[in-house]
Amino acid sequence: MAKGEKNYKPGNILISEDEIRARAAEIGKKVSEDFAGEEILVVGILKGAVMWMSDVIKNISLPLRVDFMAVSSYGASTKSSGVVRILKDLDNSIEGKNILLVEDIVDSGTTLNYLREVLLHRGPKALRICALLDKPSGRCVPIRVDYVGFTVEDVFIVGYGLDVNQRYRNLPYITSVEEE
Ligand code: IMP
Ligand code: MG
């Protein structure tokens, strides 16, 4: 562990796997209705969105492709640095395409606001945003999230793709963390 890094462990289960799966089904259905008759490109933000994205796309009944972006906005800490860097970009052009951007959690809004600007610049036909979690208490930059899984309080969350210091992404539920 790096110097100065704190140790965290999972706390209380906040959202169960069953609840997440059920919500993914509702959102997948809504996306299918909203984009009816169209093809979509689902863009997952690595690494946190992977588990949630896989649940959502299983419930979308449209022709779709997937792609991924990786960005970094946090170091080894639980507070945003406010700086976004693209670590991995999309494989193909998105010009004229319907994009569903899938993120794990919206906190300050910095990451999604930045990605939205970058992607809109590339001329998609439509761009919608889906996030597993919304933490409105952290918001610094206003951002419209079209499909929100769950709204959470001002607590740091891990599990279902979300990490603290790259750990606990594999937990099949959403939980708070506590300092050890
Ligand atoms: P934002 O740019 O402040 O909206 O933060 C978005 C990113 O911060 C997410 O993609 C997460 O990687 C990370 N993040 C924000 N809050 C949490 C949390 O409670 N648990 C784990 N990661 C978080
Ligand atoms: Mg993330």
Side-chain angles (χ1 to χ4, degrees), residues 1-2 4-17 19-20 23-24 27 41-57 66-90 99-121 127-180:
M1 189 174 36
E5 239 176 63
K6 288 175 184 154
N7 244 333
Y8 297 95
K9 63 178 192 319
N12 302 319
I13 297 185
L14 301 175
I15 308 168
S16 71
E17 184 169 20
E19 290 175 286
I20 299 169
R23 190 72 186 116
I27 289 178
L41 175 70
V42 182
V43 174
I45 314 299
L46 295 172
K47 309 172 181 106
V50 165
M51 238 191 246
W52 170 239
M53 175 174 166
S54 78
D55 285 344
V56 171
I57 64 175
V66 298
D67 204 343
F68 294 95
M69 286 182 92
V71 297
S72 122
S73 53
Y74 279 23
S77 123
T78 57
K79 283 274 170 291
S80 174
S81 65
V83 178
V84 183
R85 268 190 314 143
I86 295 182
L87 305 175
K88 183 223 172 288
D89 208 333
L90 297 172
I99 308 300
L100 180 68
L101 187 58
V102 183
E103 172 64 307
D104 52 4
I105 184 166
V106 197
D107 183 13
S108 71
T110 313
T111 309
L112 275 178
N113 183 60
Y114 174 80
L115 284 175
R116 187 176 165 275
E117 295 288 313
V118 166
L119 296 180
L120 283 179
H121 232 84
L127 173 66
R128 290 202 180 208
I129 297 176
C130 170
L132 168 59
L133 301 172
D134 183 13
K135 207 196 275 182
S137 55
R139 202 72 91 256
C140 300
V141 188
I143 177 96
R144 192 180 118 187
V145 185
D146 303 282
Y147 309 100
V148 174
F150 303 89
T151 301
V152 290
E153 303 292 309
D154 184 20
V155 286
F156 202 80
I157 304 278
V158 294
Y160 226 83
L162 290 98
D163 73 302
V164 61
N165 300 334
Q166 300 301 323
R167 289 193 60 202
Y168 305 121
R169 293 191 193 276
N170 56 315
L171 296 178
Y173 45 79
I174 301 280
T175 162
S176 58
V177 284
E178 292 166 357
E179 272 182 43
E180 239 167 23

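Read the numbers this way: they start at 1 and go in the same order the structure lists the ligands and their atoms. Please read these numbers as outputs of a predicted model, since none were measured by experiment.
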Novice: Under 4.0 Å from a heavy atom of Ser108: give me the atoms of ligand 1 that qualify, with their elements.
Specialist: 1 (P), 2 (O), 3 (O), 4 (O)
Novice: At less than 4.0 angstrom from any non-hydrogen atom of Asp104, what atoms of ligand 1 do you find?
Specialist: 9 (C), 10 (O), 11 (C), 12 (O)
Novice: Run the numbers for me: atoms of ligand 1, each under 4.0 Å from some heavy atom of Thr110, listed by number.
Specialist: 2 (O), 4 (O)
Novice: Measuring from non-hydrogen atoms of Arg139 to any atom of ligand 1, is the shortest distance under 4.0 Å?
Specialist: no
Novice: Report, in ascending order of atom number, the atoms of ligand 1 lying under 4.0 Å from any heavy atom of Leu162.
Specialist: 20 (N), 21 (C), 22 (N)
Novice: Are any of the N or O atoms of Gly109 closer than 3.5 Å to those of ligand 1?
Specialist: yes
Novice: Under 4.0 angstrom from ligand 1, any heavy atom of Asp163?
Specialist: yes
Novice: Can you list the atoms of ligand 1 that are under 4.0 Å from a heavy atom of Thr111?
Specialist: 1 (P), 2 (O), 5 (O), 6 (C)
Novice: Does Glu180 have more than 12 heavy atoms from other residues, nucleotides or ligands lying within 6.0 Å of its CD?
Specialist: yes
Novice: Using a 3.5 Å cut-off on N or O atoms only, is Val106 in polar contact with ligand 1?
Specialist: no
Novice: If you measure from the Lys or Arg side-chain nitrogens to the Asp or Glu carboxylate oxygens, is any gap between Arg139 and Asp134 under 4.0 Å?
Specialist: yes
Novice: Under 4.0 Å from any heavy atom of Glu103, which atoms of ligand 1 are there?
Specialist: 9 (C), 10 (O)
Novice: Sequence neighbours excluded, which residues qualify as side-chain hydrogen bond (donor to acceptor under 3.5 Å, both in side chains) partners of Asp89?
Specialist: Arg122
